[in-house]
Amino acid sequence: MNSEIQLSLFNDDSNPHQQGLIPTDSKIPIPPGTYANMTELAQHCNQCHRCELGNTRTHAVVGRGNLQAPIMVIGEAPGQNEDETGLPFVGRSGQLLEKILASVNLSTEHDVYIANINKCRPPNNRVPTPDEMVACKPYLLEQIRLVDPKIILLTGATAVKGITGDKRGITKIRGQWIEWEARLCMPIFHPSYLLRNPSKEKGAPKWLMWQDIQAVRAKLDEIQQNNKSVT
Ligand code: SF4
């Protein structure tokens, strides 16, 4: 037996990550700590077929923004613009989200990282199925671990359901702080809902969003102030 074959006997074939199986089978777990950085994670997402959405995507849409941001925004799944560009929230909804953030001096350059529950576009922009959400969730959990945000904003009912399992309508739970996995989260309206409901009158969705984003700004200021006092 030559030395190369002998050495190959030392390979650890029991580790599915070494066998490159993660992208192809949703039954293979992706344990916390699998990815050292977002680039490695994005490479896997772009080869992934853990669910059928992998068959029709142009690009997997992993995330954009500051990789050390104190706030993470989580949406539902990519639409057409996102599938074409590989970036989340780049259409009209994305522009509105940037405006909402800017209204309280927050930006994706400094303060915010944006990701979705599912990385690949569902055909005809349908809502991802529960199985598709479960298949993709390990990637999102790894993104949350890597970015380590202080605050997570869940845009729309699907994002809330995908993360916390709470199936209540977004109008019932928006604006409320909830604790999930020792992290502070707030469900907020999805920007596309605000585009369909343009009224700014008191009590209208846009007015409610203004209250919510101000509460988020105040909470971030409070957290950062507390961190300064500790150090
Ligand atoms: S949506 Fe997620 S789980 Fe499904 S193929 Fe794309 S990256 Fe993989």
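Count residues from 1 along the sequence. Counting starts at 1 for both ligands and their atoms, in listed order.
The Cys136 neighbourhood of ligand 1 comprises atoms 1 (S), 2 (Fe), 3 (S), 7 (S), with distances under 4.0 Å to a heavy atom of that residue. Every atom of ligand 1 with a heavy atom of Cys48 under 4.0 Å away is listed here by number and element: 3 (S), 5 (S), 7 (S), 8 (Fe). The Asn118 neighbourhood of ligand 1 comprises atoms 1 (S), with distances under 4.0 Å to a heavy atom of that residue. Each of the following atoms of ligand 1 lies closer than 4.0 Å to a heavy atom of Gly54: 5 (S).
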Report the C-alpha separation of His44 and Tyr139 in whole Å, then their side-chain angles, then the decisive distance to 0.1 Å, and conclude whether the ring-ring contact (aromatic ring centres under 6.0 Å, His included) test is met. CA-CA 9 Å; His44 257 179; Tyr139 292 123; 7.2 Å; no
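How far CD1 of Ile144 is from CH2 of Trp180: 4.0 Å, rounded to the nearest 0.5 Å. With values rounded to the nearest 0.5 angstrom, Lys161 atom NZ is found 12.5 Å from Ile170 atom CD1.
Residue Gln68 places its CD atom among 12 or fewer non-hydrogen atoms of other residues, nucleotides or ligands, all under 6.0 Å distant.
Between atom 4 (Fe) of ligand 1 and the options Cys51, Pro122, Pro78, the minimum heavy-atom separation is to Cys51.
Distance check for Cys120 against atom 8 (Fe) of ligand 1: none of its N/O/S atoms falls below 2.8 Å.
Salt-bridge check for Lys119 with Asp83: failed, with every basic side-chain N at 4.0 Å or more from each acidic carboxylate O.
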